[in-house]
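Reviewing the structure listed below.
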Amino acid sequence: FICRRCKTTPSKFYIDLFYKGQRIRIFSDKQGQVLDSYQRALNLLSQINAEMKDHIFDPSKYIKAELEKFWTTNLLSKFLSSKLDIIAPSYKRDYERMIKIAEEFFGTKDAREIRKLDIINYKEYLENNFKLSNKTIKNTLDVFKTFMRYLLNDLEVIDRVPPFPIVELQPFKFRWLHAEDQITLFELIPNEHKPIIAFLMLHGCRPSEARALKCKNVDIRNKSITISGTFSNGIYREKRKGKRALPVTIPIHPEMFDFITDRVKNNLPEAFIFINPKTGDYYRETYLKRIWQDVRSKAGIDNRLRLYDATRHSFASQLVNNNVSLYTVSKLLGHSTVNTTEKYSHSNVENLRVNLNKLSLKKITTVPRPSPEHFKRQKNN
């Protein structure tokens with residue numbers, strides 16, 4: 001084709017058609033490729049005719065202004081904005097990083113056109129271009145799967161979520177302490193800090209949840225306490241850790257009841273249960289870690305044994321070893337599943353209370369307690 005007046009060959013073409021009574025001009029294909037030759041335009045017209053025949057033609061997939069609305073990078077940005085207010089502060093940076101990686105990979109690809117092969121290629125991209133553990137790769141894919149569900153359920157721009165590849169993970173391994181070893185380490189903790197550590201060891205809640213407990217969470221009459229808040233990245237939140245985690249009510253261990261009762265009767269409802277006597281305020285995460293680091297140093301053990309291991313993991317393991325059912329232990333830990341989450345009634349708490357008697361921080365006189373040298377001898381185990 002040559003312009004008779006200018007004597008030039010056209011460098012761009014467009015398709016001019018009528019669809020459902022509306023005139024539509026199409027200047028590029030679904031991928032945004034400009035129609036820079038007659039043959040390219042003719043091929044696209046053939047594709048459009050086939051889509052019309054099959055009743056699947058959607059002009060928005062060809063019009064640039066409409067097409068940009070469905071660019072994966074634009075929809076990911078919109079998705080992240082909807083999540084920022086509900087993501088735990090400690091997780092925001094990682095979440096934003098995973099969204100950015102997805103934006104870099106998918107770019108201006110129409111999110112409506114993402115298929116199983118694209119997800120497989122995305123997984124390979126993560127494996128080949130970043131030094132990520134399998135767990136991190138799985139988490140990154142899970143975030144993108146959540147994004148695809150957002151497109152399906154919230155925006156209704158896709159008909160289904162494509163299958164995602166399985167990422168194999170090694171079975172989770174954790175460390176825990178026998179009661180005798182736990183008591184030995186507990187005795188190395190300064191007296192002024194023993195209440196919060198004792199609570200962690202006897203109730204198995206997360207350190208971030210124990211630090212966030214307030215007097216209003218205690219029901220003295222029913223000898224129970226409701227875990228409903230947590231600290232995340234130094235920010236107090238009226239929500240437990242976990243997407244679907246609801247407040248959980250557990251019985252107060254007899255060895256902690258007098259301490260907690262005294263705190264509740266002598267403080268306002270919003271006061272924290274555990275106060276750092278050094279600062280007069282709630283315990284910071286770094287301060288608890290410092291206390292535990294001092295204990296490890298005194299006992300001569302390395303950093304592999306975390307406070308979380310010596311408390312929550314040890315709590316669960318000791319109960320299971322004392323023949324407490326996994327179901328009961330999961331309730332005491334406040335675990336939830338996709339299918340069931342519940343707030344425990346006082347009758348449930350009473351049924352759980354008997355099992356707590358299997359735990360104690362009082363000295364065991366019938367079995368010799370290991371000394372700090374015991375840990376030093378096993379340092380390399």
Side-chain angles (χ1 to χ4, degrees), residues 176-179 182-183 186 193-231 238-242 244-267 269-275 282-283 307-337 340-364:
W176 62 281
L177 297 172
H178 289 285
Q182 197 176 37
I183 293 170
F186 180 73
H193 301 305
K194 281 185 176 179
I196 187 170
I197 304 298
F199 184 85
L200 289 170
M201 289 181 170
L202 294 171
H203 296 82
C205 72
R206 299 178 179 91
S208 58
E209 294 173 341
R211 295 189 296 117
L213 286 173
K214 295 184 176 183
C215 292
K216 67 179 182 180
N217 301 130
V218 178
D219 184 344
I220 295 178
R221 180 179 177 182
N222 290 286
K223 298 182 178 181
S224 64
I225 191 165
T226 299
I227 301 173
S228 60
T230 188
F231 274 102
E238 279 286 354
K239 184 183 183 303
R240 291 179 58 234
K241 182 180 179 181
R244 298 178 178 85
L246 296 177
V248 56
T249 301
I250 60 175
I252 300 173
H253 194 285
E255 292 177 23
M256 290 297 304
F257 185 72
D258 289 343
F259 172 85
I260 292 177
T261 300
D262 182 69
R263 287 290 302 164
V264 171
K265 289 183 176 179
N266 293 287
N267 291 277
E270 289 295 328
F272 289 102
I273 295 291
F274 301 105
I275 297 297
Y282 65 87
Y283 279 89
L307 177 62
Y308 202 95
D309 298 321
T311 56
R312 187 170 174 84
H313 288 327
S314 297
F315 170 88
S317 300
Q318 290 179 33
L319 287 179
V320 170
N321 287 345
N322 277 285
N323 298 318
V324 178
S325 72
L326 291 175
Y327 174 82
T328 300
V329 174
S330 71
K331 295 302 182 184
L332 290 169
L333 292 174
H335 285 166
S336 61
T337 65
T340 57
T341 52
E342 66 177 318
K343 185 176 182 179
Y344 309 125
S345 66
H346 291 308
S347 60
N348 295 133
V349 174
E350 196 58 39
N351 291 334
L352 297 174
R353 188 182 309 282
V354 64
N355 296 314
L356 287 186
N357 292 328
K358 296 180 180 292
L359 300 179
S360 176
L361 290 177
K362 294 180 179 179
K363 293 182 179 181
I364 299 175

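Start at 1 with the first residue, then count along the sequence.
- Of all the heavy atoms in Phe199 and Ala210, the pair that sits closest is CD2-CB, 4.1 Å.
- Between atom CD1 of residue Ile260 and atom NE2 of residue His203 there is a gap of 5.5 Å, rounded to the nearest 0.5 Å.
- Here the CD1 atom belonging to Ile225 is positioned 5.0 Å from the CD1 atom belonging to Ile273, to the nearest 0.5 angstrom.
- Every residue meeting the side-chain contact (heavy atoms from CB on, under 4.5 Å) condition with Leu333, not counting sequence neighbours, appears here in chain and number order: Arg312, Phe315, Ala316, Val329, His335.
- Side chain of Gln182 to backbone of Ala310: a donor-acceptor contact under 3.5 angstrom is found.
- Under the 4.5 Å side-chain criterion, counting only non-hydrogen atoms from C-beta, Ile252 is not in contact with Leu202.
- In terms of modelled atom types and a separation under 3.5 Å, the side chain of Gln318 and the main chain of Leu177 share a donor-acceptor contact.
- A pairwise comparison of heavy atoms in Thr311 and Leu307 identifies OG1-O, 2.7 Å as the closest pair.
- Applying the salt bridge (Lys or Arg N to Asp or Glu O under 4.0 Å) criterion to Arg263, with sequence neighbours excluded, gives no partner residue.
- The minimum heavy-atom distance between Tyr283 and Arg211, with the atom names listed, is O-NH1, 2.9 Å.
- Considering only heavy atoms from C-beta on, Leu213 stays 4.5 Å or farther from Glu209 through its side chain.
- The side-chain contact (heavy atoms from CB on, under 4.5 Å) search around Ser228 returns Asn217, Thr226, Glu238, Pro247, not counting sequence neighbours.
- Atom CD1 of Ile227 sits about 13.0 Å away from atom CG of Leu246, to the nearest 0.5 Å.
- Between Gly229 and Arg240 the shortest heavy-atom distance is N-CG, 4.4 Å.
- Expressed to the nearest 0.5 Å, how far NZ of Lys214 lies from OH of Tyr282 amounts to 10.0 Å.
- Atom CE in Met256 sits 9.0 Å away from atom CD1 in Ile196 (nearest 0.5 Å).
- Heavy atoms only, all atoms of each residue included: Cys205 and Leu200 are closest at O-CD2, 3.5 Å.
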